[in-house]
Amino acid sequence: MPKSSDSKQTKSFFACDNLPSGVRTGTLALSDVKVSTPTFMPVATRGTAKGLTVEQVRSTGAKILLGNTYHLYLSPGPELVAKAGGLANFSHWQGPTLTDSGGFQVFSLANMRKITEEGVEFANPDNGDKIKLTPETAMQIQHDLGANIIMAFDDVVSLDPKHRHRTEEAVERTHRWLERCVAEHKKLSKGKANPPKLFGIAQGGLDKRLRQKSLEFIQSQPVDGVAIGGLSVGEARADMHEMLEFMAPLYDSQRPHYLMGVGHPTDMRFAIEHGIDMFDCVLPTRNGRHGTIWLEGDVQVNLKKATFASDLNRLDDSCDCYTCESGYSRAYLHHLIKVGESTGGTLLSIHNLRYLQRICESYQ
RNA sequence: GCAGGGUUAGUGAAGCGGUCAAACACGGCAGACUGUAAAUCUGCUGGCUUAUGCCUUCGUAGGUUCGAAUCCUACACCCUGCA
């Protein structure tokens, strides 16, 4: 692959080559670990990639693990995680971590939260308890959780036409909240030898004008990375791709570009070819638990289907994941999923995570 | 042997004269899932065929009734008491 760039910054947090194809290959320096990009970051909302040990996650080639502010705040609480030495230690991951701010829960828990200018008040789905997240508390919690990368607290809006009127308001609020995040983050970082990197999140739904405005604002701020939020929330694939294409020339090339919540192979390839460096998504682990996998060529297969009941072939001959290399048969995995043995979900999650990581590696 | 109770679709189990092809659960067959309230959710699940249609089903065989899974009789099998 030809290298055409310019923007190599060896000692900084992020260094990358912008290739003429639109693809970028880079390196994130997170504490002692160098992470090659593009990279896929498995989601460990409550401190674990569901069903997997950290060793299993690591075996897929993942370098950064995601946690969630809202969920870890509810349990076990940031104090305990801090006391345990941060999420990386507490979870035994012992590697780079990123925490999402809880902004996504503004969207996913839409029917049990109230937004005000100050922040968002959630009702805990388990017991109805009120939980308030603000830009300031989101920063404080994430500092306590001790991730290497933390995310700004944003206002994520559904793309449902009924909520479109809120898109612009949400963009503006996300910007105001970002300024508060930046200020709080600066305060909390004072005196810290190795403060976390803060990423801003651009919103704007499927409105190009708002997207551009949001990207410009986010990039005008002293943030370490640029994230794209508010996509992969139910829109048509073509709409998402159109937006990615539109935004590609607008990114600051010096900072990493993180497309939040995307992890469908087709979308990842498209995004990588349009300047995205980082991804996270629940799809590989959720699908794995539900019995669906990706095979060579991005073919999605539901292993629960009766046709696999007696298929003694391994999952995918072209895959080097633990599950495939060990030779687990489709029939066996089909059986585990059918009878509800969690090992099945684990083995398929490993495969799916590795599948996405291999996509990233193919560009690195 | 006597007296009760039971036998319902792949399984368990409701229904006890019409609105019953028959609730519900499980199982089965498909589908969905993109910063995880998700090991979850949705649809279908007698046959024909896709319709406010027909056919065959509620242990077996008869009967009563305009009409029976539902009532009566006999038989078969199962369970519980008493012998």
Side-chain angles (χ1 to χ4, degrees), chain A residues 40-52 64-72 74-75 98-113 122-129 131 138 142 147 149-156 159 174 199-203 225 227-237 239-241 244 258-268 270-271 276 278-294 300-309 336-349 352 356:
Chain A
F40 179 83
M41 309 180 286
V43 178
T45 302
R46 301 200 283 190
T48 179
K50 290 188 193 298
L52 309 195
I64 304 173
L65 193 65
L66 245 78
N68 180 278
T69 298
Y70 171 86
H71 291 284
L72 291 170
L74 288 184
S75 181
L98 180 154
T99 42
D100 189 20
S101 62
F104 185 70
Q105 278 61 46
V106 176
F107 163 78
S108 67
L109 302 177
N111 57 339
M112 49 186 91
R113 54 92 178 120
F122 297 92
N124 182 342
D126 296 331
N127 54 25
D129 285 358
I131 302 134
Q142 292 187 81
I149 298 174
I150 67 178
M151 301 303 299
F153 188 59
D154 59 341
D155 184 0
V156 184
L159 294 175
T174 293
F199 279 40
I201 307 175
Q203 289 292 334
I228 311 304
L231 289 181
S232 63
V233 289
E235 73 277 19
R237 170 150 294 139
D239 291 337
M240 183 205 295
H241 290 197
L244 290 171
Y258 167 23
L259 179 57
M260 306 186 76
V262 167
H264 186 102
T266 307
D267 298 331
M268 276 181 52
F270 189 90
I276 299 295
M278 302 161 70
F279 300 89
D280 79 281
C281 190
V282 304
L283 217 45
T285 44
R286 182 185 288 167
N287 278 358
R289 270 175 283 125
H290 296 172
T292 65
I293 54 164
W294 292 298
Q300 186 169 307
V301 167
N302 186 345
L303 217 58
K304 282 186 289 198
K305 284 170 86 75
T307 47
F308 296 109
L336 292 184
I337 294 290
K338 290 293 281 188
V339 297
E341 287 290 349
S342 57
T343 310
T346 299
L347 291 167
L348 297 186
S349 293
N352 283 342
L356 297 187

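Sequence lines set the chain letters: A, B, ... in the order given, protein chains first and strands last, and positions in each chain run from 1.
Across all strands shown, A/Gly288 has no heavy atoms under 4.0 Å from either base or sugar-phosphate atoms. Within the 4.0 angstrom heavy-atom criterion, base atoms lie near A/Asn111. The residue A/Asp280 sits close only to the backbone: its heavy atoms come under 4.0 Å of sugar-phosphate atoms, none of a base. Across all strands shown, A/Lys304 has heavy atoms under 4.0 Å from base atoms, whether or not it also approaches the sugar-phosphate. Residue A/Val233 is classed as having no contact, given no heavy-atom separation below 4.0 Å to the nucleic acid. Counting any heavy atom pair closer than 4.0 Å across all strands shown, A/Arg237 reaches a base atom. Using a 4.0 Å heavy-atom criterion, one finds that A/Glu235 contacts no nucleic acid atom at all. Nucleic acid contact for A/Leu98: none, since no nucleic acid atom lies under 4.0 Å from a heavy atom of the residue.
Across the protein-nucleic acid pair, A/Leu109 atom CG and B/G35 atom P stand 13 Å apart, rounded to whole Å. Note: OH (A/Tyr258) to C1' (B/U34) measures 12 Å, nearest angstrom. One interatomic measurement links the two molecules: CZ of A/Phe104 to P of B/U34, which rounds to 7 Å at whole-angstrom precision. Summarising the geometry, the separation between CD1 on A/Ile293 and P on B/A32 is reported as 14 Å, rounded to the nearest angstrom. What separates CG of A/Asn352 from P of B/U34 is a distance of 14 Å, to the nearest Å. The nearest whole Å value for the distance from the CG atom in A/Asn302 to the P atom in B/U40 is 15 Å. Remark: C1' of B/A39 and NE2 of A/His290 are 6 Å apart, rounded to the nearest angstrom. Atom pair A/Ile228:CD1 and B/G35:C1' shows a separation of 12 Å (rounding to whole Å applied).
Separating the C1' atom of B/C58 from that of B/A51 is a span of 25 Å, rounded to the nearest Å. Rounded to a whole angstrom, the distance from the C1' atom of B/U11 to that of B/C71 is 29 Å. Spacing of C1' atoms, B/C20 relative to B/A69, comes out at 8 Å, to the nearest Å. B/C26 and B/G35 are spaced 28 Å apart, taking the P atom of each and rounding to whole Å. Atom name P, nucleotides B/G43 and B/U64: the rounded distance is 45 Å, in whole Å. Across B/C48 and B/U56, the matching C1' atoms stand 10 Å from one another, rounded to whole Å. The separation of B/C33 from B/U42, taken at their C1' atoms, amounts to 11 Å, rounded to a whole angstrom. For the C1' atoms, the distance linking B/U73 with B/A25 amounts to 36 Å, nearest Å.
Across A/Leu356 and A/Pro284, no two heavy atoms sit closer than the pair CD1-CG, 3.6 Å. Nearest approach of A/Arg113 to A/Leu109, heavy atoms of both residues: CG-O, 3.2 Å. Counting all heavy atoms, side chain and backbone alike, A/Ile131 lies closest to A/Asn124 at CD1-CB, 3.4 Å.
With A/Gln142 contributing its side chain and A/Met151 its backbone, the two residues share a donor-acceptor pair below 3.5 Å. At least one donor-acceptor pair closer than 3.5 Å links the side chain of A/Asn127 to the backbone N or O of A/Asp129. Within the 3.5 Å criterion, the main-chain N or O of A/Gly51 finds a donor-acceptor partner in the side chain of A/Thr346.
The shortest distance between the side-chain N/O atoms of A/Asn68 and the OP1/OP2 oxygens of B/U36 is below 4.0 Å. Contact between the side-chain N/O atoms of A/Arg286 and the OP1/OP2 oxygens of B/U34 is found at a separation under 4.0 Å. Under 4.0 angstrom from either OP1 or OP2 of B/U36 there lies at least one side-chain N or O belonging to A/Thr45.
With hydrogens and angles left out, the side-chain atoms of A/Asp280 and A/Tyr258 include a donor and acceptor closer than 3.5 Å.
Summarising the base pairing, B/C24 is matched to B/G12 through a Watson-Crick or G-U wobble pair whose two defining distances lie under 3.5 Å. Using Watson-Crick or G-U wobble geometry with both donor-acceptor distances under 3.5 Å, B/G53 finds its partner in B/C48. Remark: B/U65 base-pairs with no nucleotide in the shown strands. Criterion, Watson-Crick or G-U wobble with two distances under 3.5 Å. Pairing of B/C82, defined by two Watson-Crick or G-U wobble distances under 3.5 Å, is identified with B/G1. Base pairing analysis places B/U19 opposite nothing; no Watson-Crick or G-U wobble pair with both distances below 3.5 Å involves it. The base-pairing partner of B/C58, taking Watson-Crick or G-U wobble contacts with both distances under 3.5 Å, does not exist among the strands shown. With a cut-off of 3.5 Å on both Watson-Crick or G-U wobble distances, the partner of B/U40 is given as B/A32.
The side chain of A/Ile201 sits closest to B/G35 out of B/U34, B/G35, B/A37. The side chain of A/Lys50 has B/A38 as its nearest neighbour among B/A30, B/A37, B/A38. For A/Asp100, the side-chain atoms get nearest to B/G35 when compared with the rest of B/A39, B/G35, B/A32. Distance from the side chain of A/Gln105 is smallest to B/U36 among B/G35, B/U36, B/C33.
Here A/Leu98 contributes atom CG and A/Met278 contributes atom CE; the two are 5.5 Å apart, rounded to the nearest 0.5 Å. Atom CG of A/Leu283 is separated from atom OG1 of A/Thr292 by 7.0 Å, given to the nearest 0.5 angstrom. Of the inter-residue distances, the one linking A/Ile337 atom CD1 with A/Ser342 atom OG reads 9.5 Å to the nearest 0.5 angstrom.
A donor N or O paired with an acceptor N or O is found under 3.5 Å between the base of B/G35 and the side-chain atoms of A/Asp154.
Residue order along RNA chain B, read from the 5' end via each residue's closest nucleotide, puts A/Lys305 first among A/Lys305 and A/Met240.
RNA chain B lies under 4.0 Å from at least one heavy atom of each of the following residues of residues 336-346 of chain A: A/Lys338, A/Ser342.
A/His241 and A/Phe270 have parallel rings, their planes meeting at less than 30° on a 0 to 90° scale where 60° marks the start of perpendicular.
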